[in-house]
Amino acid sequence: MENKEKRRALESALERTDELFDAFSDVLRRDFSGKGHPKRDFSATAQKLVPDPKIEEPAFENAPQDREDERLHMSLEALISDSKKCSRCGLCSTRTNVVFGTGCTDRPTVMVIGEGPGETEDLQGLPFVGRAGLFLDKWLSAISLSRDRNVYITNTVKCRPPQNRDPLPDEKKACFAYLKQQISIIHPQAILCLGRPASTLMTGQPDSSMGALRGRFFFFDGIPMICTYHPAAVLRDMELKRPVWDDLKKLARYLGLPVGGK
């Protein structure tokens, strides 16, 4: 059998196995609504197991692929210490505080990844503590999540971009090893990406719009991941509130979380 046929057979087998696990999960949760589950793309997994040299791995927009980066071997405590003296990009010259992350670090249900700290976050050294952060807390509470109990929150960059602009490619590249190692150590059950800068980075789809990425399941290093709009964007346009709620409910169903206190 040629490798191309092997990859197709492997993808098909993985899809069938995934469907069986979804059905088993529904039985355990006594969910017989028949709403179904998101169809997952196993092409990247098949490519890794049965590689085709003509197919290139997705090029992450801003992610350095330097496997020798020392940060990829650090403990969480060492990462935090290293970040406080980091000068790998120009954001170090304008920050007040490094905003590394906060919340549950022992395999949380969800890791939330935003784009970068704002003014309030920069002053306090904590992510999502401004108006958008309070809004995010309401989102999490609606699907039985809490930063104090089962959520870890961080950003693609750990220092505030001036005037709260989107992080630049070189800034996300300089910070990516911190984020990758955070994910590896904390190992959440799922990842929730907020906003286009975080979503395009984590999915490796730099040219995609937020509308094209939201509500879809992806995988990052084997961890299921879903993207939705940033709370700050919803505060500017409340019409985005409905699609965000749909995305959050989809994530809750995937994880078996109660929705709306039910």
Quick note, ring-ring contact (aromatic ring centres under 6.0 Å, His included) partners involving residues 80-110, not counting sequence neighbours, are none
Do [X] and [Y] sit in the same hydrophobic cluster, where Ile, Leu, Val, Met, Phe, Trp and Tyr count as joined when their side-chain heavy atoms come under 4.5 Å apart?
X      : Y      : answer
Leu179 : Leu91  : no
Ile226 : Val110 : yes
Phe217 : Ile113 : yes

Test item: [X] and [Y] side chains (from C-beta on) under 4.5 Å apart, heavy atoms:
X      : Y      : answer
Gln182 : Lys158 : yes
Met202 : Ser199 : no
Thr203 : Leu213 : yes
Val151 : Pro108 : no

Mind checking side chain to side chain donor-acceptor pair (under 3.5 Å) for Ser208 and listing every partner two or more places apart, or none if nothing turns up? Gln205
Any salt bridge (Lys or Arg N to Asp or Glu O under 4.0 Å) involving residues 82-102? Give me the pairs, sequence neighbours left out, ordered by first then second residue. Glu70-Arg88, Asp82-Arg88
Tell me, which pairs form a salt bridge (Lys or Arg N to Asp or Glu O under 4.0 Å) where one or both residues lie in residues 109-119, sequence neighbours left out? none
Enumerate donor-acceptor pairs with a distance under 3.5 Å from any side-chain N or O in residues 124-138 to protein atoms, sequence neighbours excluded.
| unit_1 | atom_1 | unit_2 | atom_2 | d |
| --- | --- | --- | --- | --- |
| Asp137 | OD1 | Arg147 | NE | 3.0 |
| Asp137 | OD1 | Arg147 | NH2 | 3.0 |

Residues 229-248, side-chain donor-acceptor partners within the protein, below 3.5 Å, at least two apart:
| unit_1 | atom_1 | unit_2 | atom_2 | d |
| --- | --- | --- | --- | --- |
| His230 | ND1 | Ala232 | N | 3.0 |
| Asp237 | OD1 | Glu239 | N | 3.1 |
| Asp247 | OD1 | Arg214 | NE | 3.3 |
| Asp247 | OD1 | Arg214 | NH2 | 2.6 |
| Asp247 | OD2 | Arg214 | NE | 3.0 |
| Asp247 | OD2 | Thr228 | OG1 | 2.6 |

How many angstroms lie between SG in Cys193 and CZ in Phe220, if you round to the nearest 0.5 Å? 9.0 Å
I'd like to know if Lys180 pairs up with Asp69 as an ion pair, taking the criterion as any Lys NZ or Arg NE/NH1/NH2 lying under 4.0 Å from an Asp or Glu carboxylate oxygen. no
